[in-house]
Each structure stands twice: as C-alpha cells, then as structure tokens.
Amino acid sequence: MHHFGKHLLHSNIWLLASEILCLILAFSFAILGSHPVIRIIGLIFGITAHMLLIGSCAAKAAADDVALFRTAKICVKPYKPLSIALILTLPAAFTYALLCVNSESILMLNLFPLLNAPFISVYQFLIGGTEPFAEISAANRILMAFPPLLTAAAYLYGYYSRYLPARAALAARSNRT
C-alpha cells in the first residue's frame, strides 16, 4: 500500500485543521447572536468548510495515487481510501462512545459538541438544552451518531471524483497507443 501512511497522516492533520476552523466559525457566529437564521448560516458554513477541507485532502491523495499509476502502473486497492475515510470518523465515534458511557455527565455532554466542531450546530439542535445525555430522546441520541459519516463521505467523494476520471483518461490514452 503505497503512500497509505502519508495519506493517513495528512488526512488527520486536515481533520484537526478542520476542527479548529469550525470552532472558530462556531464561536464567531455565536458572537453574532442566537437568531435561528444566524445559527442555520453557521451550520451551513461549518459543515461546508469541513467537507471542502476533507475533500481537498482526499483529492490531493488521489493525485498522488494517479501519479503512481502513471509512473509505476500500480493500482490503488479500493479499501485504501475507504479505510482512511473510516479512520477519519474514529475520533467522533470515540467521543460518542465516551458520551454514551458517561450519559449522566453534563460536562461530557457539553464537551462532545466542542470535540466535534464541524457539527456543533447540529448537536446543539439535537441536544436542545436538555441535560444530561440520558435525558435526550432516543431518536436524537441515535441521530447524534450520524453526522461524522459526512466526513467519510466527503473523503470518498473527494478521492474518487479525482482518481476515477484521471485513471480512466490514462487508460484511454494507453489504449490509443
């Protein structure tokens, strides 16, 4: 698996950068007020910024893999981008598991959205001022597990939207010669 470690490291660095940027965005929109329109705009900006950063990171990894295919004719196995995408969801899954284990902890309920900053507005909406986590409806608790899957989707989309067309173009070029 060529470049797997490098791509995994870069994707985790971009995930951290996305978390920091989304925290800054969330605090900036919080300063503007709690009007529902401002909260929706903050939600859209945060998730969009996160998905663009993760997708851009994946596109760079795909460009490396296309170059590897061009020079050495080494195809990337489908599980490489899929495993990186799933690894990117592990921090959110870990914090969600901690939240479930510490369901009576109000501190953990308040830390959870901060540790998953791209989706902070979604979590604030789902939590709705209810404390502790055990008091939140079962449907909302289940829904809180799904937003990190957008991270995996953004990575896979960014990767395959760059890798598949470039590889097809290379294959078409090689068939012409």
Side-chain angles (χ1 to χ4, degrees), residues 7-63 81-100 103 105-166:
H7 293 162
L8 182 61
L9 177 65
H10 284 200
S11 62
N12 280 306
I13 290 170
W14 280 101
L15 180 65
L16 180 62
S18 171
E19 292 280 337
I20 293 168
L21 175 67
C22 289
L23 270 176
I24 292 168
L25 282 172
F27 286 128
S28 298
F29 278 101
I31 289 171
L32 293 175
S34 62
H35 193 273
V37 173
I38 292 174
R39 293 181 103 190
I40 290 171
I41 291 170
L43 169 81
I44 292 168
F45 273 51
I47 292 175
T48 302
H50 173 69
M51 292 185 74
L52 288 173
L53 285 172
I54 298 300
S56 175
C57 170
K60 290 176 185 174
L82 180 62
S83 61
I84 291 175
L86 292 176
I87 289 170
L88 289 176
T89 63
L90 287 180
F94 179 71
T95 56
Y96 186 74
L98 282 176
L99 180 62
C100 290
S103 62
S105 171
I106 294 172
L107 175 64
M108 190 61 200
L109 182 64
N110 291 322
L111 279 177
F112 177 74
L114 292 174
L115 296 174
N116 297 289
F119 312 107
I120 194 167
S121 296
V122 173
Y123 293 135
Q124 288 173 342
F125 173 73
L126 291 173
I127 293 169
T130 306
E131 295 177 345
F133 183 66
E135 298 297 321
I136 297 172
S137 72
N140 285 356
R141 281 186 268 158
I142 292 169
L143 286 174
M144 287 175 70
F146 288 105
L149 293 178
L150 288 174
T151 303
Y155 189 87
L156 291 173
Y157 178 78
Y159 185 88
Y160 285 118
S161 67
R162 176 99 180 239
Y163 182 74
L164 293 177

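Just so you know, these numbers come straight off a predicted model, no measurement behind them.
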Looking at CG of Leu150 and NE2 of His50, how far apart are the two atoms once the value is rounded to the nearest 0.5 Å? 7.5 Å

Roughly how far apart are Leu43 CG and Cys22 SG, rounded to 0.5 Å? 10.5 Å

Exam field: side chain Asn116 to backbone Phe112, donor-acceptor pair closer than 3.5 Å: yes

Do Phe45 and Thr48 have side-chain heavy atoms sitting under 4.5 Å apart? no

Short side-chain to backbone donor-acceptor contact, Thr89 and Leu86, under 3.5 Å: yes

What pair of heavy atoms forms the shortest contact from Tyr159 to Ala61, and how long is it? CE1-C, 4.0 Å

Looking at Glu19 and Ala117, would you say the former's side chain and the latter's main chain have a donor-acceptor pair under 3.5 Å? yes

Where do Tyr96 and Met144 land on the side chain to side chain contact (heavy atoms under 4.5 Å, CB included) test, with the steps shown first? CA-CA 8 Å; Tyr96 186 74; Met144 287 175 70; 3.9 Å; yes

OG1 (Thr95) and CG (Leu111) are apart, to the nearest 0.5 Å, by 10.0 Å

I'd like to know if the side chain of Arg162 reaches the main chain of Ala58, judged simply by a donor and an acceptor atom lying under 3.5 Å from each other, with no hydrogens or angles considered. no

Looking at every non-hydrogen atom in both residues, tell me the closest pair between Leu109 and Pro132 and how far apart they are. CD2-C, 3.9 Å

How many angstroms lie between atom CD1 of Ile38 and atom OG of Ser28, to the nearest 0.5 angstrom? 12.0 Å

Which atom names give the shortest non-hydrogen contact between Ile84 and Tyr155, and what distance separates them? CG2-CZ, 3.5 Å

Passes side chain to side chain contact (heavy atoms under 4.5 Å, CB included), Val122 versus Phe125? Steps please. CA-CA 5 Å; Val122 173; Phe125 173 73; 5.8 Å; no

Is any side-chain heavy atom of Pro91 closer than 4.5 Å to a side-chain heavy atom of Leu15? yes

When you compare the side chain of Asn110 with that of Leu114, does any pair of heavy atoms fall below 4.5 Å? no

Quick check: do Leu126 and Arg141 have side-chain heavy atoms less than 4.5 Å from each other? no

Would you call Lys60 and His7 a side-chain contact if the rule is heavy atoms closer than 4.5 Å? no

How far does CZ of Phe133 sit from CG of Asn140, to the nearest 0.5 angstrom? 9.5 Å

Test side chain to side chain contact (heavy atoms under 4.5 Å, CB included) on Ile41 and Val37; report intermediate values, then the result. CA-CA 6 Å; Ile41 291 170; Val37 173; 3.9 Å; yes

Are Pro118 and Ser18 close enough that some pair of their side-chain heavy atoms sits under 4.5 Å apart? yes

Using side-chain heavy atoms (C-beta onward) and a distance below 4.5 Å, is Leu9 in contact with Asn12? no

CG/Leu88 to OG/Ser11 distance, rounded to the nearest 0.5 angstrom? 4.5 Å

Relative to each other, are the rings of Tyr123 and Phe119 parallel, tilted or perpendicular (30° and 60° limits)? perpendicular

